[in-house]
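The figures that follow rest on heavy atoms only: side chains count, while hydrogens, waters and symmetry mates do not.
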Protein chains: 2
Amino acid sequence: MTFENRELIEQIFLFINKIIFLEKRNIFQLRGAKLYPSEIHLIMFINKDRDSNATRMAEKLGLTKGAVSQTLTRLDKKGIVRKTKDPFNKNELTVSFTPFGKEVIEAYLKTLKGIHEQFDRYLSSLREEERAVIKKFIGHIEIMIDSLSP
Amino acid sequence: MTFENRELIEQIFLFINKIIFLEKRNIFQLRGAKLYPSEIHLIMFINKDRDSNATRMAEKLGLTKGAVSQTLTRLDKKGIVRKTKDPFNKNELTVSFTPFGKEVIEAYLKTLKGIHEQFDRYLSSLREEERAVIKKFIGHIEIMIDSLSP
DNA sequence: AATCAGTGTTAAGCACATAAACACTGAGGA
DNA sequence: TCCTCAGTGTTTATGTGCTTAACACTGATT
């Protein structure tokens with residue numbers, strides 16, 4: 001490779017590989033319950049967007065309805081959510097959290113907050129221009145990625 | 001959330017999610033052959049480190065021997081690699097690429113090079129201090145990640 | 001009443017990974 | 001020489017996570 005920034009580019013791609021590797025193994029446990037990445041992902045989505053039905057969840061998460069349905073079923077079995085149907089609209093599904101589900105969310109958000117605090121401490125230690133560089137950098141990579149996968 | 005850098009932190013995490021999402025669907029195709037992420041990953045590793053046996057591949061990739069064995073078997077079936085055993089050392093495995101396997105590597109490296117060129121162009125457009133900020137940023141995140149998952 | 005678009009579910013199938021039991025090889029010691 | 005044993009790669013069962021495609025059901029339109 002003959003790139004001027006070979007070293008930095010390699011560092012970036014090694015970093016991305018590391019993220020991907022860790023994400024697959026990112027299992028959250030609470031009182032005997034094991035929550036896997038896709039489950040946590042869905043839980044967090046629902047927690048932020050209470051009014052989506054399963055189809056809209058699938059669309060917004062970039063998954064198929066089937067995938068969402070299956071994950072919801074598993075979350076139901078684990079006692080995290082309850083799938084309910086409005087008797088006046090038996091077509092769509094509304095998902096609500098059980099008390100345990102709410103505990104899970106709280107616990108997960110707590111650990112997430114810890115991580116965010118670490119990021120915040122680091123970012124706050126930088127100068128405004130430096131943060132701007134990072135912001136632009138991420139934005140630029142996203143544009144490059146989007147141009148690759150239509 | 002009450003972080004000073006809430007917006008930037010959210011951008012970072014959305015970016016990471018995007019990367020993870022795309023990686024799962026990153027299928028490389030060449031003349032009818034479909035290569036999946038784990039297969040490409042292994043191919044590229046072997047291409048850089050010809051002398052590893054399967055056990056060492058597993059160690060360096062952070063996988064189990066079983067996983068590597070299975071992926072190698074699939075790559076063999078697809079006509080990408082050949083698993084051979086030295087008659088004077090029937091214990092270990094040596095993996096070599098078929099002509100088609102070499103073609104796959106070449107083609108994949110070519111697309112990778114295109115992506116790297118895009119990165120290079122962008123990074124070259126920055127000032128040296130800006131690149132240093134990015135380098136330090138990634139390094140710092142890696143340290144944070146490592147401190148979380150021992 | 002019939003149609004139809006939209007809802008969620010299910011079954012089959014594949015990728016990817018682990019754990020654990022396996023079989024085999026080769027080297028060192030009794 | 002025989003035995004043990006650490007190290008090799010393989011296989012089976014299991015599980016997550018996803019897609020595709022066929023399904024069944026609901027409710028509104030015609």
With sugar-phosphate taken as primed atoms, P, OP1 and OP2 and all else as base, the protein-contact string of nucleotides 25-30 of chain D at under 4.0 Å (heavy atoms; B, S, -) is -BS---
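By the ring-ring contact (aromatic ring centres under 6.0 Å, His included) test, A/Phe15 pairs with no residue at all, sequence neighbours left out. Checked against side-chain contact (heavy atoms from CB on, under 4.5 Å), B/Lys135 has the following partners two or more places apart in sequence or in another chain: A/Glu7, A/Leu8, A/Gln11. Every ring-ring contact (aromatic ring centres under 6.0 Å, His included) that B/Phe119 has, sequence neighbours left out, goes to A/Phe13. With sequence neighbours excluded, the residues satisfying side-chain contact (heavy atoms from CB on, under 4.5 Å) with A/Lys34 are A/Ile27, A/Gln29, A/Tyr36. Residues satisfying the side-chain contact (heavy atoms from CB on, under 4.5 Å) test with A/Phe100, not counting sequence neighbours, are A/Leu30, A/Arg31, A/Ala33, A/Ile80, A/Thr98, A/Glu103, A/Val104. Partners of A/Asp120 according to the side-chain contact (heavy atoms from CB on, under 4.5 Å) rule, which considers only residues two or more places apart in sequence or in another chain, are A/Ser124, B/Phe3, B/Glu4, B/Asn5, B/Ile9. In this structure A/Phe28 satisfies the ring-ring contact (aromatic ring centres under 6.0 Å, His included) test together with A/Tyr108, sequence neighbours excluded.
With DNA chain C read from its 5' end, the first of the two nearest nucleotides for A/Thr73 and A/Glu92 is the one closest to A/Glu92.
Between B/Glu59 atom CD and D/dT8 atom C1' there is a gap of 12 Å when expressed in whole angstrom units. In this structure, A/Ile20 places its CD1 atom 22 Å from P of D/dT16, rounding to the nearest Å. If you measure from atom CG of B/Leu93 to atom P of D/dG7, you get 18 Å, rounded to the nearest angstrom. What separates CG of A/Leu35 from C1' of D/dG15 is a distance of 15 Å, to the nearest Å. Atom P of nucleotide C/dT9 and atom CG of A/Leu75 are separated by 12 Å, given to the nearest angstrom. Protein atom NZ of A/Lys78 is 6 Å distant from nucleotide atom P of D/dT16, rounded to whole Å. Straight-line distance from the CG atom of A/Asn53 to the P atom of C/dT9: 11 Å, rounded to whole Å. Across the protein-nucleic acid pair, A/Arg74 atom CZ and D/dG15 atom P stand 12 Å apart, rounded to whole Å.
Taking side-chain N and O atoms only, A/Thr55 has no distance below 4.0 Å to OP1 or OP2 of C/dG6.
Using a 4.0 Å heavy-atom cutoff across all strands shown, A/Lys85 reaches no nucleic acid atom at all.
Between B/Glu39 and B/Lys78 there is a salt bridge, since a side-chain N of the basic residue sits under 4.0 Å from a carboxylate O of the acidic one.
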Detail all sub-3.5 Å separations between protein N/O atoms and N/O atoms belonging to nucleotides 18-22 of chain D.
residue: D/dC18; atom: OP1; partner: B/Lys24; partner atom: NZ; Å: 2.8
residue: D/dC18; atom: N4; partner: A/Gln70; partner atom: OE1; Å: 3.3
residue: D/dT19; atom: OP2; partner: A/Thr64; partner atom: N; Å: 3.0
residue: D/dT19; atom: OP2; partner: A/Thr64; partner atom: OG1; Å: 2.8
residue: D/dT19; atom: O4; partner: A/Gln70; partner atom: NE2; Å: 3.0

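Side-chain polar atoms of A/Asp76 and A/Thr73 form no donor-acceptor pair below 3.5 angstrom.
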